[in-house]
Amino acid sequence: MPLDQYYLLGRSGLRVSRLALGTMNFGTGGFHAAYGKTEDEVRPIFRKYLDEGGNFLDTADFYTAGESETILGRLITEANVRERVVLTTKFTNSVDPGDPNAGGNGRKHLVRALEASLRRLGTDYVDLFLLHTWDRLTPVEEVVHTLDDLVRAGKIRYAGLSDVPAWYAARAQSIAEAHSLTPMINLQLPYSLVQREIETEHVPMGRHLGLGVTAWSPLAGGFLTGKYRDGGAGRFDPDAQTWTERDWQLLKPLEEVAGKLGVTMAQVAINWVATQPGIASAIVGASSADQLGKSMAALDFEIPAELRAVLDEASAVPPASVYRMFTAQYQNWIVTPDTKVGDKPDGYAPAVRNW
């Protein structure tokens with residue numbers, strides 16, 4: 001399954017690659033400097049992605065203190081591919097610690113952040129603009145109306161959300177639909193074999209309301225490559241969540257599945273994420289063109305149903321609290337087992353493709 005296959009993002013006409021290129025390591029400044037790369041170091045990565053047919057680029061104003069956007073903008077101009085690529089950036093984080101309106105999701109900062117991103121990227125519009133993180137304060141109505149204004153002004157083509165509660169995303173989409181405003185088409189969230197919690201609320205919400213989920217950190221910060229097994233302690237996410245015994249135990253079936261398929265653990269982990277229900281695209285980063293090439297090859301094979309079942313079982317997150325009531329076992333009390341009730345029959349809506 002080569003990378004140059006494109007699918008619609010959410011309920012929209014925007015076609016994106018099933019693997020997006022994450023550019024958090026483009027640049028050497030700010031919070032992400034520890035693993036950042038210079039422009040000359042990331043140029044081969046960027047070119048490799050384009051050469052393989054990729055078109056979905058992801059950055060944010062916060063990445064490497066703005067250097068990621070600046071470098072990415074220069075590389076896009078250098079390659080003359082601005083109209084070919086789907087350029088995504090994000091806003092929320094503070095750009096001036098002394099100014100209370102220089103961060104968060106309020107209209108003042110949202111507009112200011114976009115204008116700054118456009119200058120760094122060297123373009124007059126972005127294809128997809130995302131709220132980066134829920135700030136817990138700004139009314140969702142303000143965010144939705146501001147994003148709609150920016151679409152009408154021609155400065156963004158589509159809008160979306162990243163790292164927000166499911167109820168917040170659902171409310172934003174409902175407000176947009178009720179008032180004929182620009183809908184959200186994308187929901188960017190962490191998702192991997194060791195972090196499947198979004199399946200409880202976010203993924204079904206996205207499928208029902210038209211938000212395609214793009215998964216960041218499908219390798220759990222490199223943990224699912226298996227490279228930390230000999231190194232002992234380590235951390236893989238921004239909140240410094242330590243790896244649990246359950247996480248370590250997951251590496252064994254992952255390695256066994258990879259061995260049976262003749263591919264790497266990382267490729268299996270990326271493939272699993274990218275082909276899960278409701279997932280529009282998986283975001284992959286790379287420290288070299290060779291590493292990116294291996295990640296892109298993750299879509300060159302299929303995981304057989306019996307091996308996917310092994311991974312699903314090993315990584316499953318048991319339902320808790322009220323969610324136990326939504327399992328098939330509990331639902332049998334609503335409709336008796338000898339009465340078959342479903343949504344639609346198999347084959348009711350076959351996939352639509354242009355090939």
Side-chain angles (χ1 to χ4, degrees), residues 19-20 22-25 30-37 58 60 62-64 132-134 162-166 187-203 213-261 263-276 278-279 281-288 291-292 294-295 297-298 303 307-321 323:
L19 293 184
T23 63
M24 188 185 291
N25 66 336
F31 180 75
H32 308 94
Y35 48 83
K37 301 289 182 180
D58 181 82
F62 182 57
Y63 295 165
T64 56
H132 203 159
T133 311
W134 181 44
S162 171
D163 301 335
V164 300
L187 183 59
Q188 190 175 122
L189 298 163
Y191 186 51
S192 69
L193 280 164
V194 297
Q195 199 168 14
R196 295 179 58 181
E197 288 78 6
I198 67 168
E199 294 175 5
T200 300
E201 287 272 11
H202 290 82
V203 173
V213 175
T214 48
W216 61 264
S217 199
L219 294 177
F223 177 77
L224 292 170
T225 66
K227 66 181 181 180
Y228 295 114
R229 283 180 297 186
D230 298 327
R235 302 182 185 279
F236 69 84
D237 71 9
D239 297 324
Q241 176 183 335
T242 55
W243 298 321
T244 66
E245 183 60 27
R246 172 256 186 191
D247 299 333
W248 289 111
Q249 291 297 323
L250 174 60
L251 295 180
K252 183 177 180 180
L254 176 58
E255 184 174 37
E256 291 175 350
V257 169
K260 290 179 180 179
L261 295 176
V263 298
T264 68
M265 295 168 62
Q267 288 170 332
V268 172
I270 292 171
N271 184 300
W272 182 89
V273 167
T275 56
Q276 282 289 96
I279 303 302
S281 186
I283 302 172
V284 295
S287 59
S288 68
Q291 185 185 66
L292 179 62
K294 292 176 181 177
S295 292
I303 302 174
L307 295 183
R308 181 178 286 273
V310 171
L311 297 173
D312 290 347
E313 183 178 354
S315 63
V317 179
S321 185
Y323 297 102

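Position 1 is the first residue of the sequence, and the numbers go up from there. This is a predicted model, so every value here is computed, not measured.
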Chemist: Is any side-chain heavy atom of Met265 less than 4.5 Å from a side-chain heavy atom of Lys227?
Modeler: no
Chemist: Could you tell me whether the side chain of Leu250 reaches within less than 4.5 Å of the side chain of Glu255, counting heavy atoms only?
Modeler: no
Chemist: If every non-hydrogen atom of Ser217 is compared with every non-hydrogen atom of Ser192, which pair is closest and at what distance?
Modeler: O-CB, 3.6 Å
Chemist: Which value, rounded to the nearest 0.5 Å, describes the distance between Thr225 atom OG1 and Leu219 atom CG?
Modeler: 7.0 Å
Chemist: Tell me, do Val310 and Glu256 make a side-chain contact under 4.5 Å, heavy atoms counted?
Modeler: no
Chemist: Trp272 and Asp312: side-chain donor and acceptor closer than 3.5 Å?
Modeler: yes
Chemist: Can you tell me which residue among His202, Arg196, Glu199 is in a side chain to side chain donor-acceptor pair (under 3.5 Å) with Tyr191?
Modeler: Glu199
Chemist: Just verifying a value: how many Å separate Ile279 CD1 and Thr214 OG1, rounded to the nearest 0.5 Å?
Modeler: 8.5 Å
Chemist: Within the 4.5 Å heavy-atom criterion, are Asp58 and Tyr63 side-chain neighbours or not?
Modeler: yes
Chemist: So, for Gly278 and Val203, which heavy atoms are closest and what is the spacing to 0.1 Å?
Modeler: CA-CG1, 4.1 Å
Chemist: Drop me the distance from Thr244's OG1 to Gln249's CD, to the nearest 0.5 angstrom.
Modeler: 9.5 Å
Chemist: What verdict does the side-chain contact (heavy atoms from CB on, under 4.5 Å) test give for Leu224 and Leu254, after you've listed the backbone C-alpha separation in whole Å, the side-chain angles of each residue and the deciding distance to 0.1 Å?
Modeler: CA-CA 8 Å; Leu224 292 170; Leu254 176 58; 3.9 Å; yes
Chemist: Compare every heavy atom of Ala298 with every heavy atom of Asn271, then report the nearest pair and how far apart it is.
Modeler: ND2-O, 2.8 Å
Chemist: Mind running ring-ring contact (aromatic ring centres under 6.0 Å, His included) on Trp248 and Tyr228 for me, showing each step along the way?
Modeler: CA-CA 10 Å; Trp248 289 111; Tyr228 295 114; 8.0 Å; no
Chemist: Between Val268 and Leu311, is any pair of side-chain heavy atoms under 4.5 Å apart?
Modeler: yes
Chemist: Do you know which two heavy atoms are closest between Val284 and Pro218, and how far apart they sit?
Modeler: CG1-CG, 4.4 Å
Chemist: In terms of relative ring orientation, are His132 and Phe62 parallel, tilted or perpendicular, with 30° and 60° separating the classes?
Modeler: perpendicular
Chemist: Do Ser315 and Arg246 pair up side chain to side chain, a donor and an acceptor below 3.5 Å, judged on atom types alone?
Modeler: no
Chemist: Gln188 and Ile283: side-chain contact (heavy atoms from CB on, under 4.5 Å), yes or no, with the steps?
Modeler: CA-CA 9 Å; Gln188 190 175 122; Ile283 302 172; 3.5 Å; yes
Chemist: Is any side-chain heavy atom of Leu19 less than 4.5 Å from a side-chain heavy atom of Ile270?
Modeler: yes
Chemist: Take Lys37 and Asn25 through the test side-chain contact (heavy atoms from CB on, under 4.5 Å) and record every step on the way to the result.
Modeler: CA-CA 6 Å; Lys37 301 289 182 180; Asn25 66 336; 3.9 Å; yes
Chemist: I'd like to know whether Thr133 forms a side-chain contact (heavy atoms from CB on, under 4.5 Å) with Val164, so could you lay out the CA-CA distance, the side-chain angles of the two residues, the decisive distance to 0.1 Å, and finally the verdict.
Modeler: CA-CA 6 Å; Thr133 311; Val164 300; over 6 Å; no
Chemist: Would you sort out whether Asp163 and Trp216 count as a side chain to side chain donor-acceptor pair (under 3.5 Å), showing the intermediate values?
Modeler: CA-CA 10 Å; Asp163 301 335; Trp216 61 264; 3.0 Å; yes
